[in-house]
Amino acid sequence: MTDAVIAAVLYALMLTTPARAPQRAASWSAGYVVAWAVVCGALAFRRRWPLWVLLVTVAGALVHTVLERSGAAGSPFLVASSLAVFTFALTSRRSAGLAGGAITALVLFCGDGLWVPGSWWDAENVGVLAWTGMAVAAGDALRNRRAYVAAVRERARRAEEAREQEAGRRVVEERLRIARELHDVVAHHIAVIQVQAGVAAHMLHSQPAAAEGAIGHVRRAAGEVLDELGTLLGVLRQSGDELAGPGAPSEPAPSLSRLDALVRSFSGAGLCVDSVSSGPPRALPAAVDLTAYRLVQESLTNAHKHGGGRAQVTLAFHPQQLAVEVCNGPPPGEPQPTAAAGTGHGLLGMRERVLAVGGLLEAGPTPEGGFRVRALLPTPETDPAAQR
């Protein structure tokens, strides 16, 4: 619509331009008016067919020069050709736009020099070069501007997509981390409650004292799991600012320093656990320390829940790694009980934790009929001064 309006305005200018003074009105011809109408009409399609419109406008300017013996400078023909070469430079590659502008300027300049009386270097002839050059420069600048804006928008779109993908990845990682924490917190205590509840039910009438002790274990395990769940859910309810504030949870994360308490809790629940450590103990990275604790906790939980009355925990401190091994099986001379089918989430969670710190995990049955979990966790030596 805009191009059609521009074409109509140029056509009206042609009819009222000083070059068409009343004293020369007799020389008007229908063919000349139709030719100019074709030139102006072509401008209405300059965005769709820029090259063809440029050829039509240049041809119209040459026809005007030959018939009127008047240069294109100062006439609507120069405006039409300049608008056409501007559009061609805007919609074409830079090399094509510059070549089209140079050819247009040369053709119009030579036409004025050959058919218009006067010197080739008159101001009007030089003005043709200036008009065409400015049109090409304006089209090229606007094309560069549009390309720059499009590139900026594309970068912004890609950056937004990258941010959304990163946010989605972080959400997935956080969900997996929370799932692992919930499983580690709940599975141990629920296993203790399940086993002790069964013991209490079995001994309730025959051995009331033993049943009362089992119920005490159930009560303590339930209290501990409620406390740990309350702490974890409290952290989830807080925002990022609240987590760093004075009301943030102050209880330290589980670590191997609490391994003895963990072993005692299983021993009290009826699982005979032996703990062996080799090598000089040292401070571990927080992620490795937590992973080792959760690995032992989950392995002992599985040993208690899926059968076997004995388990052995072995920690081997090496210069660059920590070896954690948990083996379980029935007491010597007793058959291996039939293990209950599990979901496999415990082993999956252990493998994810170990891989997250760059370690290796092996898990599988032993020839004696038990089950063994072994992990190698990297523990690069740290500078004691940095730890302080």
Side-chain angles (χ1 to χ4, degrees), residues 1-3 45-51 86-100 136-187 228-229 231-249 253-254 284-292 294-295 298 343-361 363 375-380 382 386:
M1 182 63 181
T2 302
D3 293 339
F45 304 96
R46 62 189 178 93
R47 301 179 195 271
R48 184 176 300 178
W49 302 300
L51 178 60
F86 164 80
T87 305
F88 183 72
L90 175 63
T91 57
S92 305
R93 297 191 306 272
R94 186 172 191 179
S95 58
L98 294 178
V136 173
D140 185 69
L142 184 56
R143 180 183 57 78
N144 290 337
R145 170 69 178 175
R146 289 182 176 179
Y148 172 76
V149 172
V152 170
R153 289 177 177 174
E154 179 65 16
R155 286 197 298 268
R157 184 187 65 81
R158 292 182 179 178
E160 183 65 24
E161 290 182 353
R163 284 194 295 269
E164 292 178 357
Q165 292 175 358
E166 178 66 16
R169 185 184 65 82
R170 290 180 179 274
V171 168
V172 172
E173 290 182 352
E174 185 65 14
R175 289 175 61 186
L176 290 176
R177 187 189 68 81
I178 293 173
R180 287 195 298 265
E181 289 294 329
L182 283 174
H183 180 273
D184 293 340
V185 168
V186 174
E228 293 193 26
L229 282 177
T231 301
L232 181 59
L233 294 177
V235 171
L236 294 178
R237 291 192 187 100
Q238 291 177 333
S239 63
D241 295 337
E242 292 173 343
L243 287 175
L284 301 174
V288 174
D289 207 358
L290 175 61
T291 299
R294 292 302 192 193
L295 187 68
E298 179 62 24
T343 63
H345 293 164
L347 285 177
L348 179 61
M350 285 192 289
R351 192 174 303 277
E352 289 175 348
R353 284 187 179 275
V354 171
L355 291 178
V357 297
L360 297 175
L361 178 71
L376 294 178
L377 307 177
T379 58
T382 56

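These figures come from a predicted structure and were not determined experimentally.
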For residues [X] and [Y], report the shortest heavy-atom separation together with the two atoms involved.
X: Leu355; Y: Gly359; result: CD2-O, 3.7 Å
X: Val288; Y: Pro378; result: CG2-O, 3.4 Å
X: Leu295; Y: Met350; result: CD1-SD, 3.3 Å
X: Gly97; Y: Ser92; result: N-CB, 4.3 Å
X: Val354; Y: Leu360; result: CG1-N, 3.4 Å

How long is the span from the [atom1] atom in [X] to the [atom2] atom in [Y], to the nearest 0.5 Å?
X: Phe88; Y: Leu98; atom1: CZ; atom2: CG; value: 10.0 Å
X: Arg146; Y: Leu90; atom1: CZ; atom2: CG; value: 4.5 Å
X: Asp140; Y: Arg94; atom1: CG; atom2: CZ; value: 4.5 Å
X: Leu290; Y: Leu284; atom1: CG; atom2: CG; value: 11.5 Å
X: Glu352; Y: Leu361; atom1: CD; atom2: CG; value: 11.0 Å
X: Arg158; Y: Gln165; atom1: CZ; atom2: CD; value: 12.0 Å

Under a 4.0 Å N-O cut-off, is there an ion pair linking Glu166 with Arg163? no

Look at atom CZ of Arg157 and say whether more than 12 heavy atoms of other residues, nucleotides or ligands are closer to it than 6.0 Å. yes

Is the count of non-hydrogen atoms from other residues, nucleotides or ligands lying under 6.0 Å from Arg170 atom CZ greater than 12? no

